[in-house]
Amino acid sequence: GVVADTFWHALSAAEKLPVFWNIGAQEKEFSDTVKRAFFDEFSGSGELMLSKGNIGHLMDHAEKTIESDYYVPYVAQVPMEPLNCTVHVQNSRVDVWVGHQDPEGVVNAVSRLTGKTPNDIYVHNCFLGGSFGRRSHMDFVIEATRIAMDIGRPVQMIWTREEELRSGAYRPMSAMRFKAGFDIDKQLVALSNHSVTHSIRYDQDKSFKGVDESSVEGLRDHPYSLPAYEFTHTRKNTHLTSWWWRSGGHSINAFAMECFVDEMANAADVDPIAYRRQMLIDKTEYLEVLDVLEQKSGWGKRNLPRGTAMGMAIHKSYGTVCGQVAEVTVDNGGVIINRVTVAIDCGNLVNPMTAEEQVEGSVIYGLSAALYGKLTIENGRILEDNLDTYGLLRMHEMPEIDIHWALSGSNKWGGLGEPATPVIAPAVCNALYKITGRRIRSLPIRDYYLQIR
């Protein structure tokens, strides 16, 4: 840490320091080599999570099989306000000024570090300035506290955007392989899935064994009625650090699962919404959301211009079912997201306006990551260092967002801050397939198109 009387003086001094880093073996790490290492894990069996029936026999005797690999890179949370924390360590107490998602956790972390009791730690929790999971980590609080302890003065620690992006705790990288078998009547007979994901739990505790729940949420608890299935998982961590990202593992797994369900619908020659209805026949909360989504989006009833199509997806997370239809246009190598129709069941509402804002924010955040989100590893380091190299959705790229409530009421109270985030990526990718005939199985979408308009 470089300490000075102003942020500008500290930053100027840091830039003049002749620092030489010994990266070590990590210098050989590149995005492509890490990605290949994840895909190499498909040759192994993985840890069994769910199974029903003799998958091997059913696949061998299927009339037709389809197999697809999906991949998502590391992405950053990119809060509007870079990480910062002010700490004053005194003999009788410690004061911490910070915008944090877990103020109780701040008390415990500072208590352990300083040796003072929790009753002597005073956390003045400020506005977050954006978070999306990043401000639930303790790294920047611990760093500020250590510096304050070392110099014996109150310290305001500020990370630059470059530090926040390159030294972050990212949404995990993941690779997934799906295989489906069909009989002569194009009916599904078996589905297999093998996921390979960087584990947040293992980053927290190197003694952790087993399957990280955050790595498989949305897969282990998928809603579909399948005749036979096998879901396996492999944990694979790299030298980077992972952490929670808005909607957690759901944003990874819903993308792959809902895109592959569309692939199965295509193989069965069935409309995507009708196909999901067949596999959700006993899931009333999903069916009601699908009914509202189909009606309000005009699915199958609107004459769309050439180069424009609708794609859909549905997913449940945090107790809430969310379905989305994305209307997308491809024109001269560019992509335009015209409209997103959302049907959502969180059970009950307290403040409809706040609820709509949460859903809109979730769609925007998920769409931004779907279109642009990617961190590039080169010689072990992250290349993206500011908002000119790490892409985010701009205002002129925003679609119209049309929200409809399919509330089931009763005693159901689902979340709203995250459930609309995982659904947008597969909805857009499924629409793009209808236009181009090409499946996007690796995010971000920007890698496939000249521009987003």
Side-chain angles (χ1 to χ4, degrees), residues 29-43 46 66-76 170-180 192-198 215-216 218-219 233-234 236 238 240 242 245 247-264 266 309 311 313 315 326 328 330 333-335 337 365-378 382-384 389-393 421-452:
E29 298 287 2
F30 291 80
S31 289
D32 287 344
T33 57
V34 173
K35 180 179 179 180
R36 283 198 298 271
F38 271 57
F39 277 80
D40 287 344
E41 294 293 337
F42 291 142
S43 60
I66 60 172
E67 184 175 282
S68 297
D69 293 343
Y70 284 83
Y71 167 78
V72 295
Y74 291 104
V75 297
Y170 312 117
R171 186 185 74 175
M173 173 187 284
S174 181
M176 267 169 276
R177 173 166 291 174
F178 289 90
K179 185 175 182 180
S192 68
N193 166 262
H194 186 174
S195 57
V196 182
T197 307
H198 185 130
S215 297
V216 297
L219 290 175
H233 177 74
T234 299
K236 188 172 183 64
T238 71
L240 298 181
S242 66
W245 188 94
S247 75
H250 288 284
S251 65
I252 298 170
N253 299 325
F255 159 66
M257 186 76 179
E258 284 301 291
C259 283
F260 192 72
V261 170
D262 250 48
E263 291 197 54
M264 293 194 296
N266 186 65
H315 187 76
V328 180
V330 175
V335 174
I337 316 299
Y365 196 76
L367 182 58
S368 186
L371 294 173
Y372 292 110
K374 179 177 70 171
L375 291 165
T376 307
I377 306 169
E378 187 172 295
I382 296 296
L383 286 188
E384 291 79 11
T389 53
Y390 189 85
L392 294 174
L393 193 71
T421 296
V423 195
I424 184 64
V428 171
C429 289
N430 290 336
L432 288 170
Y433 171 76
K434 286 186 176 181
I435 302 168
T436 66
R438 179 175 65 171
R439 288 282 176 191
I440 293 179
R441 301 187 178 97
S442 175
L443 295 176
I445 295 168
R446 177 66 179 83
D447 286 351
Y448 298 85
Y449 292 93
L450 297 176
Q451 63 183 126
I452 310 296

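All values below come from the heavy atoms of this structure, side chains included, with hydrogens, waters and symmetry mates left out.
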Take Thr234 and His194 through the side chain to side chain contact (heavy atoms under 4.5 Å, CB included) test and state the conclusion after the steps.
-> CA-CA 8 Å; Thr234 299; His194 186 174; 2.8 Å; yes
Sequence-distant partners of Tyr70, side chain to side chain donor-acceptor pair (under 3.5 Å), two or more places apart | Glu263
Between Val423 and Ala313, what is the shortest heavy-atom contact and its length?
-> CG1-O, 3.3 Å
Going from CG on Leu393 to CG on Leu367, what distance comes out if it is rounded to the nearest 0.5 angstrom?
-> 5.0 Å
Side chains of Met176 and Leu219 in contact at under 4.5 Å (non-hydrogen atoms) = yes
Donor-acceptor contact present, side-chain Glu29 to main-chain Ile377, <3.5 Å = no
Which pair of heavy atoms, one from Ala254 and one from Pro426, lies closest together, and at what distance?
-> O-CG, 3.8 Å
Sort and list the pairs that fulfil salt bridge (charged side-chain N to carboxylate O under 4.0 Å, His left out) and have at least one residue in residues 250-261, not counting sequence neighbours.
-> Glu258-Arg276
Partners meeting ring-ring contact (aromatic ring centres under 6.0 Å, His included) with His250 (sequence neighbours left out) = His315, Tyr318
Test item: Tyr433 and Asn266 side chains (from C-beta on) under 4.5 Å apart, heavy atoms | yes
Set of residues satisfying salt bridge (charged side-chain N to carboxylate O under 4.0 Å, His left out) with respect to Glu41, sequence neighbours excluded = Lys236
Closest approach of Ala370 and Ala425, non-hydrogen atoms and distance?
-> CB-CB, 3.6 Å
Starting at CE of Met173, measure out to OG of Ser242 and round the result to the nearest 0.5 Å.
-> 11.5 Å
Thr238: partners by side chain to side chain donor-acceptor pair (under 3.5 Å), with sequence neighbours left out | Tyr74
Flag the pair Tyr449 / Ile440 as yes when at least one side-chain heavy-atom distance between them is below 4.5 Å, and no otherwise.
-> yes
Thr197 versus Ser174, side-chain donor and acceptor atoms under 3.5 Å = yes
Would you say Arg439 and Asp262 make side-chain contact, with heavy atoms under 4.5 Å?
-> yes
Heavy-atom closest pair, residues Ala369 and Pro444 = O-CB, 4.2 Å
Non-neighbouring partners of Tyr71 that pass side chain to side chain donor-acceptor pair (under 3.5 Å), sequence neighbours left out = none
Partners meeting salt bridge (charged side-chain N to carboxylate O under 4.0 Å, His left out) with Lys374 (sequence neighbours left out) = Asp447
Residues in salt bridge (charged side-chain N to carboxylate O under 4.0 Å, His left out) with Asp69, at least two apart?
-> Arg177
Residues in side-chain contact (heavy atoms from CB on, under 4.5 Å) contact with Ala76, at least two apart in sequence or another chain = Val78, Leu165, Tyr170, Leu375, Tyr390
Verify side chain to side chain donor-acceptor pair (under 3.5 Å) between Arg171 and Ser251, making sure each step is shown before the conclusion.
-> CA-CA 9 Å; Arg171 186 185 74 175; Ser251 65; 3.1 Å; yes
From Cys259 atom SG to Leu432 atom CG, the distance as rounded to the nearest 0.5 Å | 9.5 Å
With side chains defined as the heavy atoms from C-beta onward, is the minimum distance between Ser442 and Tyr448 less than 4.5 Å?
-> yes
Measure the CD1-OG distance between Ile252 and Ser195 for me, rounded to the nearest 0.5 Å.
-> 10.0 Å
Any side-chain heavy-atom pair of Ile66 and Lys179 under 4.5 Å = no
Taking side chain as C-beta onward, heavy atoms only, is Leu240 less than 4.5 Å from Ile382?
-> yes
Who are the side-chain contact (heavy atoms from CB on, under 4.5 Å) partners of Glu378, not counting sequence neighbours?
-> Phe30, Leu383
Partners of Phe39 by ring-ring contact (aromatic ring centres under 6.0 Å, His included), sequence neighbours excluded?
-> Phe42
Cation-pi between Arg446 and Tyr372: NZ/CZ under 6.0 Å from ring centre and within 45° of the ring axis?
-> no
Mind checking whether Ser192 and Glu67 have side chains closer than 4.5 Å, heavy atoms only?
-> no
Just how far is it from atom CZ of Phe260 to atom OG of Ser68, taken to the nearest 0.5 Å?
-> 5.0 Å
Partners meeting side chain to side chain donor-acceptor pair (under 3.5 Å) with Thr421 (sequence neighbours left out) = none
Correct closest heavy-atom pair for Asn253 and Gly218 would be CB-C, 4.4 Å
